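These notes are about the structure you will find just below.
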Amino acid sequence: MRNPASEPNPGSESSNGGSASELRVFVRKKRGRKTIETQETKYEAEPLDQKLRGPPEIEEFGYKQVNGSFQSSNTSFANVPTGEPPPNWEKVLEGIRKMRSTEDAPVDTMGCEKAGNSLPPKERRFAVLVSSLLSSQTKDNVTHGAIQRLLQNGLLAADTIDKADEATIKGLIYPVGFYTRKAANMKKIANICLMKYDGDIPSSLEELLLLPGIGPKMAHLVMNVGWNNVQGICVDTHVHRICNRLGWVSKSCTKQKTSTPEETREALQLWLPKEEWVPINPLLVGFGQTVCTPLRPNCGMCSVSDFCPSAFREISRSPSKSKRSSLSKKL
DNA sequence: TTCCCGTAGG
DNA sequence: CCTACAGGAA
């Protein structure tokens, strides 16, 4: 198929939010099959320092349409997908886009990227980093509120956070999920940014991953949104789950499902055209919140169930699978 | 009570 | 692999 070009682009997002939101679509039946094959690949984050210095104009992201109207000369390095794309993936993607355009999922409200989009580049990047950190396991409105309070108190920059009291940070970000640990991580991150990056945030994936509380999911999000430099796909639990249900990813040379988001990311990057790397996250997150839910997915209202190997097959409910910890003990 | 779900740490 | 972390929701 056609090779992806590369490009930076706005938006993507993550977090989860969790308010309700319905989405009614059409109905279909089931059936589907799969065949995939992945190979292993590495693909390493490139230097990227080269071109970014000054952030492109990213502002408004709203991933909504991501009219990649501008494509950077993001030299096509070796990152192009090399694996065999799963059958019908384009139809499936289009079908999901249609379902997603009908109603809004919680993710549509998005909060973390817009944080500080009116700030100067450096401050904006720092805000993106902090927003990402706070957003995990936290509803968007809660994250947004925390960011607002930090901003109002002048605590959305490395130097001020570094000087601030951890208890103060904790109080301001409450009630985001894991606020105690996040407050501590914010202090550490602020100090690192101040000491090593002149108050800016790290500009490479590797360096972002060294920050406490920043793992692969957030690091890719920050590269995408903060630096407008797409090094990889931001794979969260929704992307991980849905790609496996669709048969879009598998362990190298086998048909087994991938077992971790990182494994999913590598498998997905083998074939998904790069222009989809950023939009795939908000697309599948929203789809995962409304239709392809973790348990009891609404296959009946999914327009692409015809192409999904897992459609109508998730019986779940039975404790036979994993989850033996408390169960086996009790039984 | 169990699940949600990203990261750290055992 | 497993559990802690916070707290909301099923």
Side-chain angles (χ1 to χ4, degrees), chain A residues 12-22 105-107 109 111-112 128-143 145-146 166 169-189 192 202 205-225 232-245 251 256-265 281-282 284-298 314-331:
Chain A
S12 150
E13 136 327 328
S14 83
S15 72
N16 51 33
S19 19
S21 114
E22 49 284 323
V107 66
T109 64
C112 77
V128 167
L129 178 60
V130 173
S131 298
S132 300
L133 180 72
L134 299 185
S135 69
S136 70
Q137 278 82 46
T138 306
K139 300 202 192 305
D140 284 338
N141 59 322
V142 173
T143 302
E166 187 174 313
I169 304 292
K170 184 174 169 180
L172 288 173
I173 65 175
Y174 181 89
V176 302
F178 310 138
Y179 55 87
T180 303
R181 184 168 288 172
K182 285 175 181 176
N185 285 338
M186 273 180 65
K187 287 281 296 177
K188 291 176 188 165
I189 286 174
I192 293 170
L205 196 64
E206 291 77 7
E207 291 171 293
L208 284 169
L209 288 169
L210 291 177
L211 301 177
I214 299 297
K217 194 259 185 186
M218 294 310 174
H220 282 291
L221 178 67
V222 172
M223 285 305 291
N224 293 346
V225 179
I233 298 170
C234 176
V235 175
D236 62 14
T237 188
H238 296 285
V239 176
H240 175 57
R241 177 184 69 255
I242 295 168
C243 285
N244 274 289
R245 282 180 177 167
K251 284 187 189 293
Q256 291 181 302
K257 294 164 65 168
T258 55
S259 46
T260 66
E262 269 296 89
E263 205 175 352
T264 296
R265 184 181 61 74
N281 180 283
L284 295 190
V285 170
F287 179 56
Q289 289 171 330
T290 56
V291 179
C292 200
T293 50
L295 52 81
R296 292 194 242 277
N298 303 298
E314 224 144 300
I315 319 92
S316 73
R317 199 59 282 144
S318 87
S320 55
K321 274 229 149 92
S322 48
K323 237 352 26 121
R324 41 58 122 352
S325 55
S326 60
L327 205 64
S328 59
K329 284 173 190 163
K330 288 174 184 173
L331 299 182

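Just so it is clear: chains get the letters A, B, ... in the order the sequence lines come, proteins before strands, and each one is counted from 1. Here the structure is a predicted model, which means the values were calculated and not measured.
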Tell me: CD1 of I214(A) to C1' of dA8(B), nearest whole Å? 12 Å
Atom-pair distance (CD on Q137(A); P on dA6(C)), nearest Å: 12 Å
Using distance alone, with no hydrogens and no angle criterion, decide if S132(A) and K217(A) have a side-chain donor and acceptor under 3.5 Å apart. no
For the side chain of K139(A), counting heavy atoms from C-beta on, which of dC5(B), dG6(B), dA9(C) is nearest? dA9(C)
Roughly, in whole Å, what's the span from CG in L208(A) to P in dG6(B)? 18 Å
Taking any heavy-atom pair under 4.0 Å as a contact, classify L211(A): base, sugar-phosphate, or nothing. sugar-phosphate
If the cut-off is 4.0 Å, is Y179(A) near the phosphate of dG7(C), judged by side-chain N/O to OP1 or OP2? yes
How long is the line joining CZ of F178(A) and C1' of dA8(B), in whole Å? 11 Å
Between dA6(C) (C1') and L134(A) (CG): distance, integer Å: 14 Å
For the residue pair L284(A) and C243(A), establish whether any side-chain heavy-atom pair is separated by less than 4.5 Å. yes
How long is the straight-line distance from CD1 of I242(A) back to OG1 of T293(A), given to the nearest 0.5 Å? 9.0 Å
Over how many whole Å does the gap from L295(A) atom CG to dA10(C) atom C1' extend? 8 Å
Heavy atoms from C-beta onward define the side chain here; which of dA9(C), dG7(C), dC5(B) lies closest to that of Y174(A)? dG7(C)
Euclidean distance, L129(A) CG relative to L208(A) CG, rounded to 0.5 Å: 6.5 Å
Rounded to whole angstroms, how far apart are NZ on K217(A) and C1' on dT7(B)? 12 Å
For P212(A), report the nucleic acid contact type (base, sugar-phosphate, nothing); a contact means any heavy atom under 4.0 Å. sugar-phosphate
Spatial distance of atom CD1 (I214(A)) from atom CD1 (I192(A)) [nearest 0.5 Å]: 10.0 Å
Using a cut-off of less than 4.0 Å, is there contact between a side-chain N or O of T138(A) and OP1 or OP2 of dA6(C)? no
What is the distance, to the nearest angstrom, from the NE2 atom on H220(A) to the C1' atom on dG6(B)? 14 Å
Sugar-phosphate only, base, or nothing, as touched by P216(A) at under 4.0 Å among non-hydrogen atoms: sugar-phosphate
Taking atom P in both dG8(C) and dT7(B), what distance in whole Å separates the two? 22 Å
If you check every side-chain atom of T180(A), which of dC4(B), dC5(C), dA6(C) has the closest atom? dA6(C)
